[in-house]
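Residue indices begin at 1 and follow the sequence shown. What you see is a predicted model, and the numbers here were worked out from it, not measured in a lab.
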Amino acid sequence: MTGAREQDRRGGCCGSVANYLSSAKFLLYVGHFLSTWGDRMWHFAVSVFLVELYGNSLLLTAVYGLVVAGSVLVLGAIIGDWVDKNARLKVAQTSLVVQNVSVILCGIILMMVFLHKDELLTMYHGWVLTSCYILIITIANIANLASTATAITIQRDWIVVVAGEDRSRLADMNATVRRIDQLTNILAPMAVGQIMTFGSAVIGCGFISGWNLVSMCVEYFLLWKVYQKTPALAVKATLKVEEAELKQLNLHKETEPKPLESTHLMGDKDLAVHAPEPEPEPSCASQLAEPLRTFRDGWVSYARQPVFLAGLGLAFLYMTVLGFDCITTGYAYTQGLSGSPADGRLGRHGILGTVAFTGLRRRCGLVRTGLISGCAQLSCLVLCVVSVFMPGSPLDLTVSPFQDIRSRPSPCPPCPRAPRPALPTARPAANGSVTTLAAPEVELGLSAESVLSVSLLFAGVIAARIGLWSFDLTVTQLLQENVIESERGIINGVQNSMNYLLDLLHFIMVILAPNPEAFGLLVLISVSFVAMGHAMYFRFAQKTLGSQLFACGPVEKEAPSENQASTSVV
């Protein structure tokens, strides 16, 4: 009897594992991992490729970033509207194929340019090479737009349908997807960086193109399997509304009173009088204005959403230089730090943020989780504010932001024994970071006092990632639960546009004050925008929960009906 029970228990465990591995949820995770891994490799590698192509200059990389941000800003609502108006499987497969084919083509073109750059430079006074640059940036931008469509349809729509009406399951799936994002952010650039370091840029292009070709086929199959295992994905609110309108129109035509027999004796002339006139075809000007109307309607609908303040608060968090991007890393280099050991810590703290989100949502409710996460992030950013006024901070507002750092008078005569730090190169480091390529072997002789300010800055940035990612997951789930199904695409498209808009503003802010002496001012402005974003969320929470804002325990129902989930945030 004992042996039989043990065998049944083992069989039950194996069956549970097999069921999970074949479930739609797990297949969705695998597809997202493959997609995100390819995206992270490509986003890292394309910046390195553009730097190497243009003689270790950041010009092409800056142009590429500007084109990408501007495209999503303008086309975000239109992409979301396309997601809403088409069948789910068609949208997912089309965006997947366009994205991967664009990356493959871009990789092949880059390989050809790297191999024949000298010949292309002499053809038609270099215009052929310039045309290749334009073609590469254009195709890469198309890949990014397709990636945006994929993210909207999978992370904002499919995941909601797969989770069903269970909010706890939706929260767990959102957290797992974000953990996958954090892991691939660390590991994918490291992998392609190793390949390009020990190989070459051409080998890197070939590897990425081959990866996307194989990944596209696997992801296409996984999408089809998830679609098969989740029958609810075949039913879409927008298509149901169109079918209902068509049925109502046909019913109206069938119930119209038929003409009497005497009317037929009057000839075809009277019949022509009562025949319905065909609808006029839209003019060319109306068709051209359709994208503009979609853009306008999308932003108007976004502003009318009950979670508008929460989404706007999330967008304000993008107006910051405290994201540990190339700007923050470049500032660290100017302060004498030549390595970037914090990349792994950022990923670990991001994963801790996803763990904190699931626990807080279960104990305090979704809306209050955003409040707690915002307070945690702001508390950690206090370290960044303190670092501005600590010894070693280069803050000096008397220095003109437009003064060339090379023409600035030195405060003390140069010491012949102190070697100047080597400039960073364009080759990727083993840790997958392009902005951390300063020579670590240079001994700068930094004192503990000079490192104190920048160390406090990085400590605040790293610690704030826990609250940041928990808050991001909170707003993401609020959008998923409270935006009606027929508008999920266009609302999330506008949200992406808002995020890119504030991200562009933070780059403009850096352009207006690029010197290290003004970085402290940028830190203060960034923390102010983060505080304003969380103030907007606090106002949203106050309007949503009212007198229960500071009550204990969750107030959200775990399994609301579809109408409740689309009209109420509690």
Distance-only donor-acceptor check, side chains [X] and [Y], under 3.5 Å:
X: Gln155; Y: Asn492; value: no
X: Gln480; Y: Asn174; value: yes
X: Ser301; Y: Glu487; value: yes
X: Ser168; Y: Arg361; value: yes
X: Gln182; Y: Arg179; value: no

From [X] [atom1] over to [Y] [atom2], what is the distance, rounded to the nearest 0.5 angstrom?
X: Leu505; Y: Phe316; atom1: CG; atom2: CZ; value: 9.0 Å
X: Lys90; Y: Trp82; atom1: NZ; atom2: CH2; value: 7.5 Å
X: Asp81; Y: Ile491; atom1: CG; atom2: CD1; value: 10.5 Å
X: Leu545; Y: Leu371; atom1: CG; atom2: CG; value: 7.5 Å
X: Leu381; Y: Leu457; atom1: CG; atom2: CG; value: 9.5 Å
X: Tyr318; Y: Asn499; atom1: OH; atom2: CG; value: 4.0 Å

If you apply the rule side-chain contact (heavy atoms from CB on, under 4.5 Å), what do you find for Val83 with Arg156, and how did you get there? CA-CA 11 Å; Val83 171; Arg156 301 296 187 266; over 6 Å; no

Specify the closest pair of heavy atoms between [X] and [Y], including all atoms of both residues, with the distance to one decimal.
X: Ser470; Y: Gly353; value: CB-O, 3.6 Å
X: Gly533; Y: Leu317; value: CA-CD1, 4.3 Å
X: Cys364; Y: Ile372; value: SG-CD1, 3.9 Å
X: Leu478; Y: Leu366; value: CD2-CD2, 3.6 Å
X: Arg169; Y: Ala163; value: CD-O, 3.7 Å
X: Leu34; Y: Glu219; value: C-OE2, 3.8 Å

side-chain contact (heavy atoms from CB on, under 4.5 Å) assessment of Ser497 paired with Tyr302: CA-CA 11 Å; Ser497 298; Tyr302 175 78; over 6 Å; no

Is there side-chain contact between [X] and [Y], with heavy atoms separated by less than 4.5 Å?
X: Leu213; Y: Asn100; result: no
X: Leu233; Y: Leu89; result: no
X: Met509; Y: Val321; result: yes
X: Met216; Y: Val101; result: yes
X: Arg40; Y: Leu187; result: no
X: Asn144; Y: His43; result: yes
X: Thr320; Y: His506; result: no
X: Val98; Y: Ser102; result: yes

Checking side-chain contact (heavy atoms from CB on, under 4.5 Å) for the pair Leu183/Ile351: CA distance, chi angles, key distance, verdict? CA-CA 8 Å; Leu183 288 174; Ile351 295 174; 3.8 Å; yes

Taking the inter-plane angle between the rings of [X] and [Y] on a 0 to 90° scale, is it parallel (under 30°), tilted (30 to 60°) or perpendicular (over 60°)?
X: Tyr537; Y: Phe471; answer: perpendicular
X: Phe295; Y: Trp299; answer: tilted
X: Trp37; Y: Trp211; answer: tilted

Look at the side chain of [X] and the backbone N and O of [Y], then say whether any donor-acceptor pair between them is shorter than 3.5 Å.
X: Ser528; Y: Leu524; value: yes
X: Thr230; Y: Val162; value: no
X: Thr94; Y: Val91; value: no
X: Ser373; Y: Thr369; value: yes
X: Ser387; Y: Cys384; value: yes
X: Gln477; Y: Arg167; value: yes
X: Ser23; Y: Tyr20; value: yes
X: Thr184; Y: Asp181; value: yes
X: Thr544; Y: Phe540; value: yes
X: Ser209; Y: Gly206; value: no

Can you list the steps and then say if Ile154 with Leu223 is a side-chain contact (heavy atoms from CB on, under 4.5 Å)? CA-CA 10 Å; Ile154 299 298; Leu223 287 175; 3.8 Å; yes

Around atom OH of Tyr29, are there more than 12 heavy atoms of other residues, nucleotides or ligands at under 6.0 Å? yes

